[in-house]
Amino acid sequence: MTADPDLLLQVDGLRKTYPGDGAPVVAVDDLSFSLRPGGALGIVGESGSGKTTTARMLVGLERPDQGQILVQGTPLVARARGRVARLARAKAVQIVFQDPYLSLDARRTIGATLDGVLRLHGSASPARTRELLAQVGLGDREAAALPRELSGGQRQRAAIARALAVEPAVLVLDEAVSALDVSVQAQVLNLLSDIRRDTGIGLVFVSHDLAVVRYVCDEALVMYRGRTVEHRPVADLLATPRHPYTRLLLASVPHPGWNPEAIGLQRRELAALQAPLLLPVDAGGGR
Ligand SMILES: Nc1ncnc2c1ncn2[C@@H]1O[C@H](COP(=O)(O)OP(=O)(O)OP(=O)(O)O)[C@@H](O)[C@H]1O
Ligand SMILES: [Mg+2]
């Protein structure tokens with residue numbers, strides 16, 4: 001892979017295994033993709049397909065066994081040592097998890113948390129704090145609140161604002177809207193699209209839900225048991241899914257005219273293709 005400083009993210013041949021009882025579990029295998037400025041990649045797949053492991057490697061929380069991650073042409077430092085290196089690492093990639101409490105301090109107001117992050121990165125000012133809050137649709141009331149005093153949607157917006165305060169090149173979201181109800185989900189998705197358009201930040205949007213991915217992303221990468229089975233523009237992937245597993249994922253999303261029987265058909269098709277890999281097809285979904 002040639003380092004290209006014009007690309008926000010270059011991922012090449014990532015592999016991660018975990019020790020299992022007996023054979024090691026291959027969580028991610030030979031994963032490669034790149035992200036241009038303002039680009040948004042959706043990573044989709046069922047539970048256990050390796051999405052979170054990928055997200056954690058992208059922010060340096062997990063070290064790949066093999067492969068390389070470049071941010072704007074520079075290798076991502078997994079264990080940054082020293083203040084300068086840590087701040088640089090933080091500016092490369094930020095992550096928002098499904099649980100916003102993981103990135104917010106329970107004892108500090110949202111405003112104080114944002115101020116703290118801004119101060120760390122040398123860009124603190126009341127105007128900047130207000131600007132960040134406005135960017136995620138929050139105001140003075142939410143700034144003065146503790147995380148537990150906010151709604152789930154407001155809390156997730158606050159977690160996104162906290163990540164944006166660092167002005168990262170890339171924002172990784174791991175199931176960041178999955179716990180929100182549908183209308184709040186739509187608001188946060190719109191917000192992400194706006195932020196992406198206005199700032200040129202790159203998004204890696206991890207979700208088990210293709211329907212959600214298509215609102216935010218222009219490309220989707222489908223993972224199945226750690227491997228990439230399809231990686232194409234979202235619109236193409238939805239219109240003409242090539243891999244049986246992608247068809248199964250699509251069949252699983254309820255939509256007008258949805259026929260749950262299609263899921264059984266797709267499962268059988270996938271099973272026929274990859275028989276040695278799969279549990280019995282009729283084991284009630286298997287998971
Ligand atoms: N710390 C760990 N130790 C051992 N195995 C792990 C660890 N983290 C993940 N795994 C295994 O790696 C595989 C991929 O897990 P991962 O969390 O990446 O899946 P996922 O796609 O995010 O699933 P979900 O949709 O349920 O969040 C699974 O088989 C999981 O059991
Ligand atoms: Mg996960």
Side-chain angles (χ1 to χ4, degrees), residues 9 11 13-33 40-67 69 76 78-79 93-103 152 156 159-160 163 170-180 185 188-189 192 203-214 216-217 219-231 234 237 243-246 248-254 263 266-267 270 274 276-279 283-287:
L9 195 58
V11 169
L14 283 195
R15 180 180 165 91
K16 178 75 193 177
T17 55
Y18 293 109
D21 334 314
V25 177
V26 183
V28 174
D29 197 8
D30 199 18
L31 178 73
S32 301
F33 64 84
L41 173 74
I43 299 184
V44 268
E46 66 190 347
S47 186
S49 55
K51 305 182 299 295
T52 294
T53 304
T54 300
R56 290 174 59 83
M57 287 192 284
L58 293 180
V59 282
L61 287 171
E62 206 80 71
R63 196 195 284 272
D65 301 345
Q66 275 174 38
I69 301 170
L76 184 86
R79 302 229 168 76
V93 189
Q94 283 286 310
I95 188 165
V96 175
F97 296 101
Q98 176 168 354
D99 179 358
Y101 283 113
L102 290 175
S103 39
Q156 198 53 286
I160 293 171
V170 177
L171 180 60
V172 177
L173 300 117
D174 186 0
E175 304 280 7
V177 300
S178 307
L180 306 176
Q185 213 176 60
V188 176
L189 296 178
L192 288 171
L203 297 179
V204 176
F205 189 90
V206 171
S207 176
H208 61 277
D209 187 347
L210 257 173
V212 166
V213 162
R214 81 158 186 251
V216 200
C217 301
E219 283 176 33
L221 187 155
V222 181
M223 289 184 80
Y224 179 62
R225 303 197 167 198
R227 299 203 63 113
T228 303
V229 296
E230 215 166 326
H231 175 192
V234 179
L237 193 127
H243 195 275
Y245 178 62
T246 313
L248 172 62
L249 273 185
L250 280 173
S252 312
V253 179
I263 297 175
Q266 305 294 352
R267 272 203 179 278
L270 186 64
Q274 294 178 320
L277 279 176
L278 280 186
L279 298 168
R287 291 177 293 116

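Ligands are counted one by one from 1 in listed order, and the atoms in each one are counted from 1 as well. If you're wondering where the values come from, they're calculated on a predicted model, not measured in any experiment.
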Specify the protein heavy atom at minimum distance from [atom]: its residue, its atom name, and the distance to 0.1 Å.
atom	result
atom 26 (O) of ligand 1	Ser47 OG, 2.5 Å
atom 11 (C) of ligand 1	Tyr18 CD1, 3.9 Å
atom 27 (O) of ligand 1	Thr52 OG1, 3.9 Å
atom 25 (O) of ligand 1	Lys51 NZ, 2.7 Å
atom 15 (O) of ligand 1	Thr53 OG1, 3.8 Å
atom 12 (O) of ligand 1	Ala27 CB, 3.3 Å

Exam field: side chain [X] to backbone [Y], donor-acceptor pair closer than 3.5 Å:
X	Y	result
Lys51	Asp174	no
Thr228	Glu230	no
Gln185	Val177	yes
Glu46	Leu249	no

For residues His231 and Leu41, determine if any side-chain heavy atom of one lies less than 4.5 Å from a side-chain heavy atom of the other.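 Yes, at least one pair of side-chain atoms sits under 4.5 Å.
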
For a 4.5 angstrom cut-off between non-hydrogen side-chain atoms, does Met223 reach Thr54?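 Side chain of Met223 against side chain of Thr54, heavy atoms only: contact under 4.5 Å found.
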
Suppose the cut-off is 2.8 Å; which protein N/O/S atoms would you list for the Mg ion (ligand 2)? Thr52 OG1

Any non-hydrogen atom of Gly48 lying under 4.0 Å from ligand 1?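 Contact check Gly48 vs ligand 1: positive.
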
How does Glu46 reach ligand 1, by side chain, by backbone, by both or by neither, if only non-hydrogen atoms under 4.0 Å count?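 Just the backbone.
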
Mode of Val25 contact toward ligand 1 - side chain, backbone, both, neither (heavy atoms, under 4.0 Å):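 The answer is the side chain.
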
Given side-chain contact (heavy atoms from CB on, under 4.5 Å), test Leu180 with Val188 step by step and report yes or no. CA-CA 9 Å; Leu180 306 176; Val188 176; 3.9 Å; yes

Determine, for Asp65 against Arg15, whether the closest basic-nitrogen to carboxylate-oxygen distance falls under 4.0 angstrom.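 Salt bridge: no.
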
Salt bridge (charged side-chain N to carboxylate O under 4.0 Å, His left out) with Asp29: which of Arg227, Lys16, Arg225? Arg227

